[in-house]
K.L.:
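Below is one structure. I have some questions about it.
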Protein chains: 2
Amino acid sequence: MTKKKVTITQVAKYAGVSVGTVSNYLNGTVSVSPEKAEKVQQAINDLDYTPDALASSLRSKNSKTIYVLTPNLRNAFYTNIISALMEYAYKAGYSVNISGYEYSDERERKQLRLLGSCKQGSSVIIFNGYNDETEIRRLVKKDMHVILADRQTFVKNTSSVNYENHQVVFELVRLLKEKGYQTIGLMAELTELENIRKRRDSFIEAMHYYGFKNPEECVFEDKSLSLDKLRNSYLYMKWLLEHNKKENLPKAWIATSDYLAIGMMRAINEKGYSIPGDFGIVGFDNLDLSGYINPRLTTAEQDQELFGKTLWEVVKRMKQTGKTEQIVLPQKIIIRESC
Amino acid sequence: MTKKKVTITQVAKYAGVSVGTVSNYLNGTVSVSPEKAEKVQQAINDLDYTPDALASSLRSKNSKTIYVLTPNLRNAFYTNIISALMEYAYKAGYSVNISGYEYSDERERKQLRLLGSCKQGSSVIIFNGYNDETEIRRLVKKDMHVILADRQTFVKNTSSVNYENHQVVFELVRLLKEKGYQTIGLMAELTELENIRKRRDSFIEAMHYYGFKNPEECVFEDKSLSLDKLRNSYLYMKWLLEHNKKENLPKAWIATSDYLAIGMMRAINEKGYSIPGDFGIVGFDNLDLSGYINPRLTTAEQDQELFGKTLWEVVKRMKQTGKTEQIVLPQKIIIRESC
DNA sequence: TTGAAAGCGCTACCAG
DNA sequence: CTGGTAGCGCTTTCAA
């Protein structure tokens, strides 16, 4: 009872024309006479024909899918960007293929390797990632368009889209200093990630610059913080609060992501401390939620819609011109209640 | 300077065997003698060959990609489920193709139509959605395996995975009654979505059952609430608070999603009211964040990891047996501080 | 403009 | 077990 797949050949036969004509009609590569066109359309309707995208791109070496490799889909930061990207892709008839590597570099390399079996000319967007230069070069050599997103590493013949991460940290430190905080701590995730490392380094620089002492000792980082951030930062902060006198902890905190900040806030709240009274907190990302929690979170906004849009534009331009480009997007500090 | 794509033919030539042998070696369909195997592997390494997935599935009519159609990626509910699914898919060498339809039924149909050009035998997972029966039937007719997720609509020859939405609402109403709330309101999104409608209907039933009067008047629903939930529920609640005396509003609220609940909480907070003192709130979903906000949100948990896993199992079973199945997953109420 | 024919890179089948 | 060969469904020459 299984209906046989309708092919272009059948359509051609039904319409009494050649497959070439049907193909031309479908793609508009060459114009087709009105009568034939009508017959073909009729056949398509009658037979309920849909072109096979696979066969099409096999032959035409031109795939309409964008591959996205991301740490995971559990972080709104990525999903917002990808959403925006998908939006543009959709309008242009592209589809988006997503995979996650859960912050494992081994796994990332594996996925990258898998991508090697996709059509040349496909676009590949890689979020963060590390220790992957070799695999990336493989892809580039296979003529894929790779775009490095939200990371600093530079690989030859790839494009990149990033947020500015130096100046914004300086501004954050200055803001906290101006608000009167005498000590500032940095709560940071896994520093193998380039942009987090950048924020860490800039933090130390800025602290020196603004006259704080021993900034190195104010950096709190932990591998656990890159996974299940909410829970682990909560646990970490809770531990800090239980094992230190309040006076010995920084009065203000910069968290390298809003998730971290929110987890910390929970721990601080539970201990009976107030924000921003006892501790000031600023985050990074400006998640949708960050303006709705209590107190509302001060954070460095990274415009994700813009990022997604930029990504799409780079994809398109690379297809057209084959040229790579490096783009740096600004961050903006959103001052709310938490510091 | 562009490197020509390495094909199976070249590998065969280089290794001094036939393409068939290389294919057999690669797929393990038929065993290959050790010497030949070694030669082939050598050739693969030397030439840096990667099989073309497209050509492979064109020929074998067996695609290893799962298509997911979701309202969007901005809701952690979906992304958590998809994350879990991706995890299983990844382990089995499948890839996941995601598109969003932004809650537009027209757009959903369009995407569904596009999916028609994918390989027969592919799996398609559709989250929510409505007015799409015709397109779904088309896909089924083309021998695709379609799985309806988180929706009640039944279409012949499709599988489905859902949460139980009737009993859980009864339990919620009972919980609030037992906590002493005299009036309960329901804050609900767009009711074209089957599961939301189900919650609404169950709410009215449950309210009657537990002796509340005029439950129909306690239903607050608005189309705006399905998009940008956080902001729009905040705005809606703010409006309600400004245009009604506190005594005239329900003392307890059931929101059909945590996002809605969080937006409402913000509005209540801003007005200077306390939770759960002045208003009790319960949500639906149990987002990661819901246990970390202030006050911690009581909510009906829908185990998203389990949902994703179930989805994957259904995909696999459909591929193996071709049989469809209907699965209903339980919800669990997580009692925290907000009521 | 149109039809015929030659593949895209791979798997499946067949004979040996 | 192996090599040869016929396609999967489509696009793209190329002549007509």
Side-chain angles (χ1 to χ4, degrees), chain A residues 2-40 43-44 47-65 116-122 142-144, chain B residues 2-41 43-44 47-65 116-122 142-143:
Chain A
T2 294
K3 211 167 182 175
K4 209 62 206 101
K5 173 146 205 176
V6 181
T7 73
I8 200 175
T9 320
Q10 295 172 47
V11 174
K13 210 163 277 173
Y14 188 96
V17 300
S18 76
V19 289
T21 305
V22 180
S23 176
N24 285 337
Y25 171 72
L26 250 31
N27 304 303
T29 4
V30 183
S31 55
V32 171
S33 72
E35 322 90 84
K36 302 246 172 195
E38 201 185 333
K39 275 192 199 163
V40 171
I44 290 175
L47 267 38
D48 192 22
Y49 165 74
T50 10
D52 183 324
L54 242 58
S56 162
S57 40
L58 171 61
R59 186 63 236 247
S60 66
K61 1 192 95 315
N62 158 36
S63 123
K64 284 218 162 189
T65 109
S117 43
C118 300
K119 279 254 77 62
Q120 37 179 288
S122 303
K142 295 208 182 232
D143 265 340
M144 313 199 71
Chain B
T2 293
K3 212 168 180 175
K4 215 51 215 105
K5 173 148 205 173
V6 181
T7 73
I8 200 174
T9 319
Q10 296 172 47
V11 174
K13 212 164 276 173
Y14 187 96
V17 300
S18 76
V19 288
T21 305
V22 179
S23 176
N24 286 336
Y25 171 74
L26 250 31
N27 304 302
T29 3
V30 183
S31 53
V32 172
S33 74
E35 323 88 86
K36 303 246 171 196
E38 202 185 333
K39 275 191 199 163
V40 171
Q41 185 55 60
I44 290 175
L47 266 38
D48 191 24
Y49 166 73
T50 10
D52 183 324
L54 241 59
S56 163
S57 41
L58 171 61
R59 184 64 239 245
S60 65
K61 0 193 93 317
N62 158 38
S63 127
K64 283 218 162 190
T65 111
S117 46
C118 300
K119 280 254 74 66
Q120 40 179 286
S122 301
K142 293 207 183 234
D143 264 341

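By convention in this document, chain letters (A, B, ...) are assigned in the order of the sequence lines, proteins followed by strands, and residues within each chain are numbered from 1. No experiment lies behind these values; they were computed from the predicted model shown.
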K.L.:
Can you check whether A/Lys36 has a side-chain N or O nearer than 4.0 Å to OP1 or OP2 of C/dG3?
P.N.:
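Indeed, a polar side-chain atom of A/Lys36 lies that close.
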
K.L.:
So if I take residues 27-35 of chain A and measure heavy-atom distances to DNA chain C, which residues fall below 4.0 Å?
P.N.:
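Those residues whose heavy atoms fall under 4.0 Å from DNA chain C, taken from residues 27-35 of chain A in numerical order, are A/Val30, A/Ser31, A/Val32, A/Ser33.
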
K.L.:
Does one side chain, of A/Gln10 or A/Tyr49, offer a donor that lies under 3.5 Å from an acceptor on the other?
P.N.:
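On atom types as modelled, these side chains do not qualify, holding no pair under 3.5 Å.
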
K.L.:
Within less than 4.0 Å of OP1 or OP2 of D/dT11, is there a side-chain N or O belonging to A/Ser60?
P.N.:
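For A/Ser60, the contact criterion (side-chain N or O under 4.0 Å from OP1 or OP2 of D/dT11) is not met.
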
K.L.:
What is the separation between atom CG on B/Asn24 and atom C1' on C/dC13, rounded to the nearest whole Å?
P.N.:
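Atom CG in B/Asn24 sits about 11 Å away from atom C1' in C/dC13.
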
K.L.:
Could you list all N or O pairs between the protein and nucleotides 5-7 of chain C that sit under 3.5 Å apart?
P.N.:
| unit_1 | atom_1 | unit_2 | atom_2 | d |
| --- | --- | --- | --- | --- |
| C/dG7 | N2 | A/Arg59 | NE | 3.4 |
| C/dG7 | N2 | A/Arg59 | NH1 | 2.9 |
| C/dG7 | N3 | A/Arg59 | NH1 | 2.9 |

K.L.:
Report the distance from atom CG of B/Leu47 to atom OG1 of B/Thr7, rounding to the nearest 0.5 Å.
P.N.:
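Atom-to-atom, B/Leu47:CG and B/Thr7:OG1 are 9.0 Å apart.
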
K.L.:
Which pair of non-hydrogen atoms, one from A/Thr65 and one from A/Ser122, has the smallest distance, and what is that distance?
P.N.:
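It is O-CB, 4.3 Å.
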
K.L.:
Return the value, rounded to whole Å, for the distance between atom OH of B/Tyr14 and atom C1' of C/dG9.
P.N.:
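My rounded result for the distance is 20 Å.
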
K.L.:
Measure the NZ-OG distance between B/Lys64 and A/Ser117 for me, rounded to the nearest 0.5 Å.
P.N.:
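It comes to 11.5 Å.
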
K.L.:
Take atom CG of B/Leu58 and atom C1' of C/dC8, then tell me their distance rounded to the nearest Å.
P.N.:
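The distance from CG of B/Leu58 to C1' of C/dC8 comes to 9 Å, rounded to the nearest Å.
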
K.L.:
Please report the closest heavy-atom contact between B/Asp48 and B/Val6, naming both atoms and the distance.
P.N.:
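Here B/Asp48 and B/Val6 meet closest at O-CG2, 4.4 Å.
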
K.L.:
Looking at A/Ser56, I'd like to know whether one of its side-chain N or O atoms comes within less than 4.0 Å of OP1 or OP2 on D/dC10.
P.N.:
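The answer is no; no side-chain N or O of A/Ser56 sits under 4.0 Å from OP1 or OP2.
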
K.L.:
Looking only at side-chain N and O atoms, does B/Ser18 come under 4.0 Å of OP1 or OP2 in D/dG3?
P.N.:
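So the side-chain polar atoms of B/Ser18 do come within 4.0 Å of the phosphate oxygens OP1 or OP2 of D/dG3, strictly under.
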
K.L.:
NZ/A/Lys5 to OG1/A/Thr50 distance, rounded to the nearest 0.5 angstrom?
P.N.:
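Atom-to-atom, A/Lys5:NZ and A/Thr50:OG1 are 6.0 Å apart.
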
K.L.:
Over how many whole Å does the gap from A/Lys64 atom NZ to D/dC10 atom P extend?
P.N.:
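A/Lys64 atom NZ is separated from D/dC10 atom P by 17 Å.
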
K.L.:
Would you name the heavy atoms of B/Ser57 and B/Ser63 that are closest together and state the gap between them?
P.N.:
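Closest approach of B/Ser57 to B/Ser63, heavy atoms only: CB-CA, 4.1 Å.
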
K.L.:
Please report the distance, rounded to the nearest Å, between NZ in B/Lys13 and P in D/dT2.
P.N.:
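Going from NZ in B/Lys13 over to P in D/dT2 covers 20 Å.
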
K.L.:
Taking OP1 and OP2 of C/dT11, is either one under 4.0 Å from a side-chain nitrogen or oxygen of B/Tyr25?
P.N.:
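Negative; the distance criterion is not met.
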
K.L.:
Have a look at B/Asn24 and tell me which of B/Thr29, B/Val19, B/Val40 forms a side chain to side chain contact (heavy atoms under 4.5 Å, CB included) with it.
P.N.:
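Of B/Thr29, B/Val19, B/Val40, side chain to side chain contact (heavy atoms under 4.5 Å, CB included) with B/Asn24 is met by B/Thr29 alone.
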
K.L.:
How many Å lie between CG on B/Leu47 and P on C/dG9, as a whole number?
P.N.:
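One finds 14 Å between P of C/dG9 and CG of B/Leu47, rounded.
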
K.L.:
Take the protein atom NZ of A/Lys39 and the nucleotide atom P of C/dT2, then report the distance between them rounded to whole Å.
P.N.:
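Answer to the nearest Å: 10 Å.
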
K.L.:
Does A/Thr21 have a side-chain nitrogen or oxygen under 4.0 Å from the phosphate oxygens OP1 or OP2 of C/dG3?
P.N.:
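Yes.
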
K.L.:
Taking CD1 from A/Ile8 and P from C/dC8, how many angstroms apart are they, rounded to a whole number?
P.N.:
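Going from A/Ile8 (CD1) to C/dC8 (P), I get 18 Å.
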
K.L.:
Just wondering, are more than 12 heavy atoms of other shown residues or ligands nearer than 6.0 Å to NZ in B/Lys119?
P.N.:
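Yes, NZ of B/Lys119 has more than 12 neighbouring heavy atoms, counting only those of other groups under 6.0 Å.
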
